[in-house]
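Report on one structure; see the data block that follows.
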Amino acid sequence: MPKENENFFSKVYEVVRQIPYGKVTSYGAIAKHLGAAGSARMVGWAMNASHNLPDVPAHRVVNRKGLLTGKHHFKGTNLMQQLLESEGIAVIDNQIQDFEKHFWHPGKS
DNA sequence: ATTCTGACGTGGG
DNA sequence: CCCCACGCCAGAA
């Protein structure tokens with residue numbers, strides 16, 4: 001059986017790192033996948049710590065509404081949106097267009 | 001130790 | 001879809 005000795009943060013990084021190009025997911029989806037449903041805030045906290053990690057595209061992780069709630073935590077004010085648009089994702093007023101269409105479900109490599 | 005806040009989510013209205 | 005209240009865990013003051 002898959003052991004889950006890794007820390008919660010490590011798991012979050014693992015999942016986020018697997019997000020394919022041009023796709024996005026939500027904190028809750030990740031939290032739920034990790035079995036920490038309800039503690040989606042911890043996922044966001046993990047993302048905060050992920051700033052040191054190079055392969056963790058935090059810009060591909062948004063809230064359940066597809067809103068770029070964390071854009072303020074990036075270097076620039078529009079860096080997150082710019083990155084998403086660069087991947088073919090339309091973003092208007094911090095809101096991802098066709099969010100469901102670009103949504104990526106955790107666990108699917 | 002207590003209190004508040006926070007990159008969220010869910011449920012009820 | 002909106003708004004309001006609560007739950008969740010970790011960290012800062």
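Naming convention: chains lettered A, B, ... in sequence-line order (proteins, then strands); numbering from 1 in each chain.
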Does a donor on one side chain and an acceptor on the other come within less than 3.5 Å for A:Lys71 and A:Asn94? yes
Can you tell if the side chain of A:Phe8 reaches within under 4.5 Å of the side chain of A:Ser39, non-hydrogen atoms only? no
Hey, do the aromatic rings of A:His72 and A:Phe74 have their centres closer than 6.0 Å? no
Is there a donor and acceptor pair closer than 3.5 Å between the side chain of A:His59 and the base of B:dA7? no
All N/O contacts under 3.5 Å from nucleotides 9-13 of chain B to the protein, with atom names and distances to one decimal?
{"from": "B:dG9", "atom 1": "OP1", "to": "A:Gly28", "atom 2": "N", "distance (Å)": "3.2"}
{"from": "B:dG9", "atom 1": "OP1", "to": "A:Arg64", "atom 2": "N", "distance (Å)": "3.1"}
{"from": "B:dG9", "atom 1": "OP2", "to": "A:Arg64", "atom 2": "N", "distance (Å)": "2.7"}

Can you measure A:Lys71 atom NZ to B:dA7 atom P for me and round it to whole angstrom units? 14 Å
Using a 4.5 Å cut-off on heavy atoms from C-beta on, say whether the side chain of A:Thr25 contacts that of A:Pro106. yes
All N/O contacts under 3.5 Å from nucleotides 10-13 of chain C to the protein, with atom names and distances to one decimal?
none

Do any pairs count as a salt bridge (charged side-chain N to carboxylate O under 4.0 Å, His left out) and have a residue in residues 96-109 of chain A, sequence neighbours left out, and if so which ones? none
Length of the NE2-C1' vector between A:His73 and B:dT5, whole Å: 11 Å
Here the salt bridge (charged side-chain N to carboxylate O under 4.0 Å, His left out) pairs for residues 15-32 of chain A, sequence neighbours left out, are none
Output the distance between atom OH (A:Tyr27) and atom CZ (A:Arg64), rounded to the nearest 0.5 Å. 14.0 Å
Nearest 0.5 Å please: distance from the NE2 atom of A:His73 over to the CG atom of A:Leu79. 13.5 Å
Sequence neighbours excluded, the answer for salt bridge (charged side-chain N to carboxylate O under 4.0 Å, His left out) partners of A:Arg60 is A:Glu87
Rounded distance (Å) that lies between atom P of B:dA7 and atom CG of A:Leu68: 13 Å
Using a 4.0 Å heavy-atom cut-off, does A:Ala36 contact any base of the nucleic acid, only the sugar-phosphate backbone, or nothing at all? nothing
Tell me: CG of A:Asn52 to P of B:dA7, nearest whole Å? 18 Å
Separation of A:Asn63 CG from A:Phe99 CZ (nearest 0.5 Å): 7.0 Å
Is any side-chain heavy atom of A:Ile92 less than 4.5 Å from a side-chain heavy atom of A:Gln97? yes
DNA chain C-proximal residues of residues 80-90 of chain A, any heavy atom under 4.0 Å: none
